[in-house]
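Encoded as structure tokens, the structure appears first; notes follow it.
Since we're looking at a predicted model, the values are computed, not measured. Heavy-atom basis, side chains included; hydrogens, waters and symmetry copies ignored. In what follows, residues are counted from 1 in the order of the sequence shown.
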Amino acid sequence: LSELGSESAKIKAMGIMDKLSTEKTVKVLNILEKNIQDGSKLSTLLNHNNDTEDEERLWRDLIMERVTKSADACLTAINIMTSPNMPKAVYIEDVIERVIQYTKFHLQNTLYPQYDPVYRVDPHGGGVLSSKAKRAKCSTHKQRVIVMLYNKVCDIVSSLSELLEIQLLTDTTILQVSSMGITPFFVENVSELQLCAIKLVTAVSIF
């Protein structure tokens with residue numbers, strides 16, 4: 001899926017995606033939707049009290065692999081839809097909604113807690129720290145896989161703004177996209193995402 005994501009970006013840049021068979025492209029999008037769904041609701045912030053540290057790390061690695069795979073599926077689907085001169089049949093509402101659902105979930109539950117500790121929930125139910133105290137305790141070190149996921153999600157958010165310029169979306173979908181575009185401005189340490197969100201919010205306002 002990672003390879004498919006990068007190859008679809010190249011085909012999009014070359015402007016030849018529309019030369020592919022519409023029937024096959026729609027079939028690919030439906031398969032991609034299943035892959036997006038696989039990681040769309042998986043929580044990466046695990047804390048199994050009965051597990052050893054090694055078991056928890058292995059479990060988390062497995063979850064992150066599925067979440068990253070789903071991000072690649074999102075990117076591939078969006079690359080197909082935002083390519084020039086694509087037929088109407090490729091703008092499948094269920095696929096678009098699934099991409100938005102995935103992105104919103106992992107922004108809120110995976111990335112915001114990693115980049116801004118104010119969004120973290122204490123698994124042990126400890127006392128609530130103030131925003132400043134939480135941010136002061138935050139480590140700037142990030143796992144490579146989290147940084148990679150962050151960059152992929154930034155690309156998805158940016159590509160969603162392109163999709164808004166091409167395809168008319170339902171009011172419900174637009175509301176979800178709007179909240180996704182506004183929330184990053186209340187989160188610290190996500191400047192790249194905020195730039196992508198500006199594009200998204202601008203596209204929504206024009207819409």
Side-chain angles (χ1 to χ4, degrees), residues 1-42 62-107 110-111 145 147-178 180-181 192-193 195-207:
L1 276 162
S2 175
E3 208 171 309
L4 199 58
S6 56
E7 289 300 320
S8 64
K10 288 177 192 172
I11 295 170
K12 174 185 169 179
M14 291 164 71
I16 56 171
M17 191 78 76
D18 60 318
K19 303 286 187 266
L20 300 172
S21 152
T22 302
E23 188 184 341
K24 285 182 180 175
T25 306
V26 168
K27 196 175 284 187
V28 167
L29 284 166
N30 287 321
I31 294 167
L32 288 170
E33 188 203 344
K34 302 298 180 195
N35 283 277
I36 296 166
Q37 186 177 6
D38 181 55
S40 63
K41 293 282 186 181
L42 288 176
L62 181 64
I63 295 291
M64 283 306 301
E65 190 178 312
R66 287 171 65 187
V67 168
T68 305
K69 180 192 75 170
S70 292
D72 287 322
C74 285
L75 278 172
T76 306
I78 289 285
N79 284 339
I80 291 169
M81 291 181 190
T82 54
S83 294
N85 308 315
M86 293 304 286
K88 286 286 181 188
V90 305
Y91 303 112
I92 304 166
E93 198 173 305
D94 287 349
V95 178
I96 295 168
E97 284 180 6
R98 194 73 71 190
V99 169
I100 292 166
Q101 181 188 62
Y102 170 91
T103 310
K104 278 191 77 172
F105 182 87
H106 286 292
L107 282 172
T110 303
L111 297 174
V145 67
V147 175
M148 190 167 66
L149 181 64
Y150 173 74
N151 290 330
K152 287 179 190 291
V153 170
C154 284
D155 288 343
I156 294 168
V157 172
S158 184
S159 296
L160 279 169
S161 61
E162 289 180 51
L163 184 63
L164 279 171
E165 293 166 8
I166 297 167
Q167 176 63 10
L168 200 66
L169 304 179
T170 64
D171 290 348
T172 311
T173 307
I174 288 295
L175 281 171
Q176 287 191 65
V177 170
S178 300
M180 189 199 300
E192 299 89 354
L193 178 62
L195 284 172
C196 297
I198 288 171
K199 282 177 65 181
L200 190 60
V201 171
T202 305
V204 169
S205 62
I206 294 168
F207 183 92

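Of the candidates Ser159, Ser8, Ser6, Asn79 forms a side-chain hydrogen bond (donor to acceptor under 3.5 Å, both in side chains) with just one, namely Ser8. A side-chain contact (heavy atoms from CB on, under 4.5 Å) with Thr82 is found for exactly one of Glu162, Met17, Gln167, namely Glu162.
With contacts defined as side-chain heavy-atom distances shorter than 4.5 Å, the pair Leu107/Leu193 qualifies. Contact annotation: the side chain of Leu169 approaches that of Leu164 to within less than 4.5 Å [non-hydrogen atoms, C-beta and beyond]. The shortest distance between side-chain heavy atoms of Met81 and Leu29 falls below 4.5 Å. Val95 places none of its side-chain heavy atoms less than 4.5 Å from the side chain of Leu32. Two residues are said to be in side-chain contact when any heavy atoms from C-beta on lie closer than 4.5 Å; Met86 and Ile166 fail this criterion. Contact annotation: the side chain of Val67 approaches that of Tyr102 to within less than 4.5 Å [non-hydrogen atoms, C-beta and beyond].
Under a 3.5 Å cut-off, the side chain of Ser158 and the backbone N or O of Asp155 do not form any donor-acceptor pair. Listed for the Thr202 side chain is a donor-acceptor partner under 3.5 Å among the backbone atoms of Ile198.
Nearest approach of Val204 to Ser178, heavy atoms of both residues: CG1-OG, 3.3 Å. Scanning all heavy atoms of the two residues, the minimum distance from Thr76 to Leu1 falls at OG1-O, 4.1 Å. The shortest non-hydrogen separation linking Ala203 to Ser161 is CB-O, 3.7 Å. Closest approach of Tyr150 and Glu192 over heavy atoms only: OH-OE1, 2.7 Å. For Thr103 against Val157, the heavy-atom pair with the smallest separation is CG2-CG2, 3.9 Å. Among all heavy-atom pairs drawn from Ala71 and Lys152, the shortest one is CB-CD, 3.9 Å.
Within the structure, side chain to side chain donor-acceptor pair (under 3.5 Å) contacts touching residues 23-35 (residues at least two apart or in different chains) are Glu33-Arg98.
Take Thr22 and apply the side-chain hydrogen bond (donor to acceptor under 3.5 Å, both in side chains) test, not counting sequence neighbours, and it matches no residue.
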